[in-house]
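Heads up: the structure comes next, in C-alpha cells.
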Amino acid sequence: VSSYKNILIESNGKVGLITLNRPKALNALSSELFHEINDALEKYQNDPEIGAIVITGSDRAFAAGADIKEMQDKTFAEVYKSNFLGHWGKINEIRKPIIAAVNGFALGGGCELAMSCDIVYAGVKATFGQPEIKLGVIPGAGGTQRLTRAIGKSKAMEIVLSGRNFTAEEAERWGIVSKVLPVDKVLEEAINLAQQIASLSQPVVQAGKESVNNGTSFELSLKEGCHFERRLFQGTFALRDQKEGMKAFIEKREPKWTNE
Ligand code: CAA
C-alpha cells in the first residue's frame, strides 16, 4: 500500500506502472502530484526488477496541465526563488525507458509530460496542446523546446502562439506519438511494449535511450533550452496578464488582457 495521494502505482512483472489519479482536477499536475511522480520514478529506477515504466491517466484526461489554481497567485519572486517547475526536470534523469499511455486531454504540462516520456501511445480521442498562451504564460516544462525539435519551427510556433489543440492523428503524423490506438487498447499495448523492452538487457536498453537523447539537440542543448524557457515562464508571473489569465480560467470567463 503506497502513501501517495494523487497517483497509483503498481508493478506488473518487470513493468512499473504510474497512474495519475486526481480525477476531479483532470489530473492537473500540482507540485504535490509531481513530487509523487518523481518519488515513484526514483523507486522504479532503483528497483533492479523493473526494466521499463508506463505513465498513464484516465480515459478523460492524461493530464490537463500544471495546476492553475496553485499557480494563479504566485509572484515572479516566488516562482523564481523556488525555481518553480524545476523539479519537473527529474523525469529526464531517469535512465530506464518511460512510455506514456495517453487518453483524453494532454494539455500544457500534460503534453509536456507526455513529450518527456520516451515513447507515446495515444488513444484516437486524445487531445494534445500547449494552451498556456491563453492563460497569459508560456509553456514552462519543455514545451517550446521538445515540440519544436519534434515537429519543426512553423508548426511549433502555430501551436504555441495560438494555443490551439491538436489531435492524436496529427501528433502521430508529426512524430510526437508513435502509435494511435482504440481508447481501450492504449494502456494494454503500452504495457505490452514495456514488457518487451523490459525483457531485454537493461544496460543496453539504457544505452539506446541515452544515445537517442543525445542526438536530438540543435543550437542550444535541450537542457539549456529548457532552463531558458523555464526562466521566461517564471518571468510571466511578473505580468498582470498572468493573474488575469488564470483568474479568468477559474472564474470560467474570457480574460481581459491589459498587456501589462
Ligand atoms: N489546473 C487546475 N484545475 C484544472 C485544470 C488545471 N490545469 N484543468 C482543469 N481543471 C479543473 C477545472 O478547474 C474544473 O474544476 P472545478 O470543478 O473546481 O471547476 C475541473 O478540473 C474540470 O474541468 P472543466 O470543468 O474545465 O472541464 P471541461 O471538460 O469543461 O474542460 C479542459 C476540460 C478543456 C481540459 C479545461 O479544463 C481546460 O482548458 N483546462 C486547462 C488546460 C490548460 O490551460 N492547461 C495548461 C495549464 S498551464 C501549464 O501547464 C504551464 C506549463 O507549461 C507547465
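All figures in this text were calculated on a predicted structure; none of them were measured in a lab. Both ligands and their constituent atoms are indexed starting at 1 by order of listing.
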Legend entry - Any donor-acceptor N or O pair under 3.5 Å, side chains Thr144, Glu229: yes
Inset, instruction - Specify whether His87 and His35 have parallel, tilted or perpendicular ring planes, treating 30° as the upper limit for parallel and 60° as the lower limit for perpendicular. - result: parallel
Show every donor-acceptor pair shorter than 3.5 Å between a side-chain atom in residues 181-201 and any protein atom, with sequence neighbours excluded, or say none if there are none.
residue, atom, partner, partner atom, Å
Gln195, NE2, Asn12, OD1, 3.4
Ser199, OG, Gln196, O, 2.6
Ser201, OG, Val204, N, 3.3

Legend entry - Nearest-neighbour protein heavy atom for atom 54 (C) of ligand 1, which is reported as residue plus atom name and distance: Glu112 OE1, 3.4 Å
Inset, instruction - Check ligand 1 against Gly109 and write out every atom of the ligand that is under 4.0 Å from a heavy-atom position of the residue. - result: 49 (C), 50 (O), 54 (C)
Legend entry - For atom 53 (O) of ligand 1, the option (of Lys134, Met246, Gln72, Glu132) bearing the nearest heavy atom: Glu132
Legend entry - Per-atom contacts of ligand 1 with Gly140, taking only distances under 4.0 Å to non-hydrogen atoms: 52 (C), 53 (O)
Inset, instruction - Return the residue, atom name and 0.1 Å-rounded distance of the protein heavy atom closest to atom 20 (C) of ligand 1. - result: Lys24 O, 3.3 Å
Inset, instruction - Name the closest protein heavy atom to atom 1 (N) of ligand 1, giving the residue it belongs to and the distance to 0.1 Å. - result: Ile68 N, 2.9 Å
Show which side-chain atoms of residues 157-167 pair as donor or acceptor with protein atoms under 3.5 Å away, not counting sequence neighbours.
residue, atom, partner, partner atom, Å
Glu158, OE2, Arg164, NE, 2.7
Glu158, OE2, Arg164, NH2, 3.3
Ser162, OG, Glu158, O, 2.6
Ser162, OG, Arg164, N, 3.1
Arg164, NH1, Glu170, OE1, 3.4
Arg164, NH1, Glu170, OE2, 3.3
Arg164, NH2, Glu170, OE2, 3.2
Thr167, OG1, Glu169, N, 3.4
Thr167, OG1, Glu170, N, 3.0

Legend entry - Polar atom proximity, Ala64 to ligand 1 (N or O, under 3.5 Å): yes
Inset, instruction - Answer with yes or no whether the side chains of Asn21 and Tyr4 bring together a donor and an acceptor at under 3.5 Å. - result: no
Legend entry - Where ligand 1 meets Pro139 - atom numbers and elements under 4.0 angstrom, heavy-atom basis: 53 (O)
Legend entry - Best match, Phe34, Phe249, Phe233: closest heavy atom to atom 41 (C) of ligand 1: Phe249
Legend entry - Any Arg60 heavy atom less than 4.0 Å to ligand 1: yes
Legend entry - Under 4.0 Å to a heavy atom of Gly108 - the qualifying atoms of ligand 1, by number: 46 (C), 50 (O)
Legend entry - Within 6.0 angstrom of Lys209 NZ, more than 12 heavy atoms from elsewhere: yes
Inset, instruction - Say whether Ala25 and ligand 1 are in contact under the criterion: heavy-atom distance to a ligand atom below 4.0 Å. - result: yes
Inset, instruction - Counting heavy atoms only, name the option from Leu107, Leu135, Leu26, Leu85 that's nearest to atom 48 (S) of ligand 1. - result: Leu135
Inset, instruction - For the residue pair Arg230 and Asn83, confirm or rule out a side-chain donor-acceptor distance under 3.5 Å. - result: yes
Legend entry - Any donor-acceptor N or O pair under 3.5 Å, side chains Glu172, Ser178: no
Legend entry - Side-chain donor/acceptor of Glu10 to backbone N/O of Gly16, under 3.5 Å: no
Inset, instruction - For Met71 and ligand 1, answer yes if some heavy atom of the residue is under 4.0 Å from a ligand atom, otherwise no. - result: yes
Legend entry - Best match, Lys69, Glu229, Arg22: closest heavy atom to atom 13 (O) of ligand 1: Lys69
Legend entry - Residue part near ligand 1, for Ala66, under 4.0 Å between non-hydrogen atoms: both
Inset, instruction - Report, as yes or no, whether the 6.0 Å neighbourhood of atom NZ on Lys74 holds more than 12 heavy atoms from other residues, nucleotides or ligands. - result: yes
Legend entry - Top protein contact for atom 25 (O) of ligand 1, by heavy-atom distance: Lys252 NZ, 3.7 Å
Inset, instruction - Just say parallel, tilted or perpendicular for the rings of Phe76 and Tyr80, cut-offs at 30° and 60°. - result: parallel
Inset, instruction - Answer yes if a protein heavy atom lies under 4.0 Å from atom 17 (O) of ligand 1, otherwise answer no. - result: no
